[in-house]
Protein chains: 4
Amino acid sequence: MSRIDKKERIIQSAIDVFSEKGIEKATISEIVKKAGIAQGTFYLYFSSKLAVMPAIAEVMVNKILEGLNKKVSGGPIQQQINDIIHVIFDLTETYKELTKLLYTGLTQTQYVGNWEIIYAPLYEWIEELLRNGMKDQVIDSELNVKYTAKIIVGTIESAAEQAYLYDQQETEAVKEHQKELYYFLIKALGAHT
Amino acid sequence: MSRIDKKERIIQSAIDVFSEKGIEKATISEIVKKAGIAQGTFYLYFSSKLAVMPAIAEVMVNKILEGLNKKVSGGPIQQQINDIIHVIFDLTETYKELTKLLYTGLTQTQYVGNWEIIYAPLYEWIEELLRNGMKDQVIDSELNVKYTAKIIVGTIESAAEQAYLYDQQETEAVKEHQKELYYFLIKALGAHT
Amino acid sequence: MSRIDKKERIIQSAIDVFSEKGIEKATISEIVKKAGIAQGTFYLYFSSKLAVMPAIAEVMVNKILEGLNKKVSGGPIQQQINDIIHVIFDLTETYKELTKLLYTGLTQTQYVGNWEIIYAPLYEWIEELLRNGMKDQVIDSELNVKYTAKIIVGTIESAAEQAYLYDQQETEAVKEHQKELYYFLIKALGAHT
Amino acid sequence: MSRIDKKERIIQSAIDVFSEKGIEKATISEIVKKAGIAQGTFYLYFSSKLAVMPAIAEVMVNKILEGLNKKVSGGPIQQQINDIIHVIFDLTETYKELTKLLYTGLTQTQYVGNWEIIYAPLYEWIEELLRNGMKDQVIDSELNVKYTAKIIVGTIESAAEQAYLYDQQETEAVKEHQKELYYFLIKALGAHT
DNA sequence: AATGAATGAGACTTCATTCAT
DNA sequence: TATGAATGAAGTCTCATTCAT
């Protein structure tokens with residue numbers, strides 16, 4: 001097993017354990033046990049439980065980007081917004097606590113600053129979408145691309161967390177929530193419904 | 001010192017310690033020390049560190065409600081939205097990590113369900129605002145009041161966290177972010193800018 | 001069991017364990033086990049293994065002082081020197097490694113400075129002896145009391161350590177060593193043999 | 001790099017690390033790091049951390065012998081005693097903790113017995129000096145050469161440790177201490193001051 | 001002979017929780 | 001009700017030692 005393998009295994013195992021137990025109750029002991037490596041080996045790669053957070057965050061953002069690239073069609077902006085909503089909702093459902101955990105985990109460490117760097121590619125992806133929409137004159141041409149991208153991501157993520165994490169909504173309610181969110185965003189962007 | 005005093009002191013002290021140390025590193029020892037009570041006394045009021053969370057959440061939501069009631073004018077919907085943004089941004093700045101911590105803290109316990117109950121008054125406040133706006137025909141009459149209220153709260157809170165917590169923006173950038181958020185919401189609600 | 005009892009027990013147990021195992025191999029686990037207290041209790045009294053050192057040093061110096069007060073006669077200076085030699089040799093034999101350990105233990109910590117304070121009463125005891133001898137004109141009247149006291153203690157202690165610790169001399173050799181040491185000191189002090 | 005080079009480097013590095021950290025906190029990791037060799041390589045030369053001690057002791061005794069041979073004049077015994085004091089004080093100042101560490105380090109191992117062997121050449125050097133002094137009738141002809149040599153070495157070393165290690169005396173005080181020690185030894189040996 | 005990643009035993013340390021006062 | 005010393009379980013982390021390369 002190579003060095004890189006070991007590190008990957010730790011990250012993957014940490015994702016599992018954090019998801020299941022939460023940051024508080026997650027232990028390095030359990031992470032290494034699940035990763036199938038020795039206790040001391042953990043410390044060759046990470047200095048503490050929370051030091052794994054940035055690596056996990058990167059994995060998560062990559063999953064979102066992958067999802068966006070795979071699932072978001074090249075069609076009209078309305079369809080694209082709808083696809084983005086579904087991608088983020090699906091990932092949030094799959095990884096439930098993890099996203100929230102990441103925020104908290106990072107804020108509890110010296111790595112808060114990393115957050116922006118890690119999320120940058122995602123924001124850029126949305127910014128590109130907005131710029132194209134503005135170029136095609138299908139969305140409000142006066143909006144600030146940078147902040148709007150952040151607002152959109154925050155809005156969708158918080159809605160998804162609401163739906164799956166706090167409300168623990170039924171499938172039907174989730175659909176309703178998504179639909180409302182869709183109209184909300186479409187209007188906010190000045191696109192035609 | 002009465003029972004209620006003691007309990008209040010524990011909650012306040014817990015807010016301080018959680019804010020400063022995060023959930024992970026906060027200890028009951030420090031909470032009781034700051035509260036000026038004995039170790040054992042804590043357990044007369046709360047069963048564990050995380051059991052204080054719902055009480056803290058309630059305090060926070062009350063602060064938001066207080067802020068809304070005090071700061072949000074009776075004027076046009078646009079002005080009200082603007083006021084709401086400022087109230088939530090200000091509280092987020094003051095209590096920085098605390099909101100996030102609350103989410104995480106609650107999700108790590110049996111109290112997740114409480115979240116909705118605690119936030120209910122806040123959502124109702126916004127829902128009332130929306131209903132009035134619809135009645136006055138100043139906002140989109142077709143939107144779903146319940147989900148829209150949640151979406152609005154989520155959007156503003158996530159933007160505030162972005163601004164103060166992750167980006168650690170300068171005053172100017174925050175203002176820009178707030179302005180963009182304002183237009184975003186106004187449009188989303190179908191109100192005239 | 002009172003607070004003081006607990007602390008005393010830790011110190012006594014630490015003396016035993018350090019003597020038996022040396023600083024390196026002594027563990028807090030074993031100290032508490034022998035003291036019959038819980039692991040965590042140790043930390044209520046001392047912050048680390050080495051932090052017990054000054055307390056042990058004090059105990060040792062007190063033992064020496066006790067011995068001097070009890071065993072050293074009020075007779076002629078020659079007899080007194082002889083008695084001092086025996087007291088220090090006896091204690092060194094009983095506590096073998098401990099004295100050396102103390103030096104090392106203290107130098108490995110922030111407590112080096114304490115050494116002088118702890119040894120002060122012993123030096124004073126010897127200084128008093130010297131001053132009396134000078135007053136009675138039985139020893140060299142020109143010697144510096146302060147440094148000579150230190151030199152005497154150092155000379156006797158190092159000889160005792162030589163005898164018992166490094167050379168591990170037989171009884172006869174020890175007697176010979178002591179006798180030679182006696183003449184050495186008598187002459188150094190300018191007393192008549 | 002030859003075998004001998006490697007071994008020398010380990011010993012030198014161990015001296016540095018032991019001096020800086022003390023036996024307790026010195027680690028093989030740091031010794032090899034400073035020596036510029038791999039972890040495993042250490043074990044090709046020494047079986048443990050403490051097994052380096054005898055080698056270090058030898059280095060130290062050689063330094064003392066070198067110093068004596070170089071610095072101690074062929075003049076009158078008084079001058080020679082004075083030179084010896086300076087040599088041992090200087091080395092003690094340079095290597096501060098190391099001498100004490102050696103004692104302790106050796107006593108914590110199976111190598112205690114080695115101590116006498118290692119120190120033998122030093123004692124012989126002093127014994128030779130004493131025998132010459134006796135032959136020349138400049139010192140007490142009745143003293144036991146063997147024990148007196150040990151006592152002298154112990155007296156000077158303990159005084160030097162007092163001065164530099166525990167008291168951390170200023171230059172002036174050290175000179176005073178040395179002067180007193182000089183008269184002390186001269187008188188003890190029955191030489192004329 | 002040399003390497004250094006990996007190991008895992010075990011020491012250290014913390015801290016929630018208890019309970020006699 | 002309130003206290004806080006004592007507990008000891010459990011987690012963190014280090015580091016000597018091994019072994020495949």
Side-chain angles (χ1 to χ4, degrees), chain A residues 1-7 10 21 24-33 35-51, chain B residues 1-3 5-7 10 24-33 35-51, chain C residues 1-7 10 21 24-33 35-51, chain D residues 1-3 5-7 10 24-33 35-51:
Chain A
M1 199 191 308
S2 77
R3 275 189 74 84
I4 288 169
D5 274 353
K6 283 242 162 65
K7 194 167 184 180
I10 293 173
K21 298 285 178 76
E24 179 83 0
K25 301 244 173 84
T27 65
I28 292 175
S29 308
E30 198 175 350
I31 293 171
V32 296
K33 199 174 145 197
I37 56 161
Q39 190 82 358
T41 307
F42 179 91
Y43 293 90
L44 295 176
Y45 297 95
F46 298 100
S47 62
S48 75
K49 191 169 75 177
L50 292 175
Chain B
M1 200 190 307
S2 75
R3 269 193 73 81
D5 271 353
K6 280 235 166 70
K7 193 165 185 179
I10 292 173
E24 180 82 2
K25 301 236 174 97
T27 64
I28 291 179
S29 310
E30 200 174 348
I31 292 171
V32 297
K33 200 174 144 195
I37 58 163
Q39 285 279 113
T41 308
F42 180 91
Y43 292 90
L44 299 175
Y45 298 93
F46 297 99
S47 64
S48 78
K49 189 169 79 177
L50 292 174
Chain C
M1 197 192 307
S2 76
R3 277 189 72 83
I4 288 168
D5 274 351
K6 282 240 162 67
K7 193 167 185 179
I10 292 173
K21 298 285 178 75
E24 179 83 0
K25 301 244 175 84
T27 64
I28 292 175
S29 310
E30 198 174 348
I31 293 172
V32 297
K33 200 175 144 194
I37 57 161
Q39 191 81 357
T41 307
F42 180 91
Y43 293 91
L44 295 177
Y45 297 95
F46 298 100
S47 63
S48 76
K49 194 168 75 177
L50 291 174
Chain D
M1 200 190 307
S2 77
R3 268 194 72 83
D5 272 353
K6 281 238 165 69
K7 193 166 186 179
I10 292 173
E24 180 82 1
K25 301 235 174 97
T27 64
I28 292 178
S29 310
E30 198 174 350
I31 294 171
V32 298
K33 200 174 143 194
I37 58 162
Q39 285 278 115
T41 309
F42 180 91
Y43 293 90
L44 298 176
Y45 297 93
F46 297 99
S47 64
S48 77
K49 188 169 79 178
L50 292 174

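Within every chain, numbering begins at 1; the chains are lettered A, B, ... in the order of the sequence lines, protein sequences first and strands thereafter. FYI, side chains are in, hydrogens and waters are out, and symmetry mates aren't considered; it's all heavy atoms of this structure.
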In whole angstrom, give the distance that lies between atom [atom1] of [X] and atom [atom2] of [N].
{"X": "D:Leu44", "N": "F:dT17", "atom1": "CG", "atom2": "P", "answer": "14 Å"}
{"X": "A:Lys25", "N": "F:dA10", "atom1": "NZ", "atom2": "P", "answer": "13 Å"}
{"X": "A:Lys33", "N": "F:dT12", "atom1": "NZ", "atom2": "P", "answer": "14 Å"}
{"X": "C:Phe42", "N": "E:dC15", "atom1": "CZ", "atom2": "P", "answer": "18 Å"}
{"X": "C:Glu30", "N": "E:dA11", "atom1": "CD", "atom2": "C1'", "answer": "12 Å"}
{"X": "B:Tyr45", "N": "E:dT17", "atom1": "OH", "atom2": "C1'", "answer": "18 Å"}
{"X": "A:Phe46", "N": "F:dC13", "atom1": "CZ", "atom2": "P", "answer": "14 Å"}
{"X": "C:Lys49", "N": "E:dC12", "atom1": "NZ", "atom2": "P", "answer": "6 Å"}

Under 4.0 Å: is that the gap between some side-chain N or O of A:Thr41 and OP1 or OP2 of E:dA6?
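Negative; the distance criterion is not met.
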Select from C:Gly40 and A:Ala38 the residue whose nearest nucleotide in DNA chain E is closer to the 5' end of that strand.
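Closer to the 5' end of DNA chain E: A:Ala38.
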Proximity to the side chain of [X] - top-ranked nucleotide from [options]:
{"X": "D:Tyr43", "options": "F:dT17, F:dC13, E:dT13", "answer": "F:dT17"}
{"X": "A:Ser29", "options": "F:dT7, F:dG11, F:dT18", "answer": "F:dG11"}
{"X": "D:Thr27", "options": "E:dT3, F:dC15, F:dT7", "answer": "F:dC15"}
{"X": "B:Lys6", "options": "F:dG8, E:dT3, F:dT3", "answer": "F:dT3"}

Does C:Lys7 make a cation-pi contact with C:Phe46 (under 6.0 Å, within 45 degrees of the axis)?
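Yes - C:Lys7 lies over the ring of C:Phe46, closer than 6.0 Å to its centre and within 45° of its axis.
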So, does the side chain of B:Gln39 form a donor-acceptor pair with the base of E:dT17 at under 3.5 Å?
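Side chain to base: pair found, below 3.5 Å.
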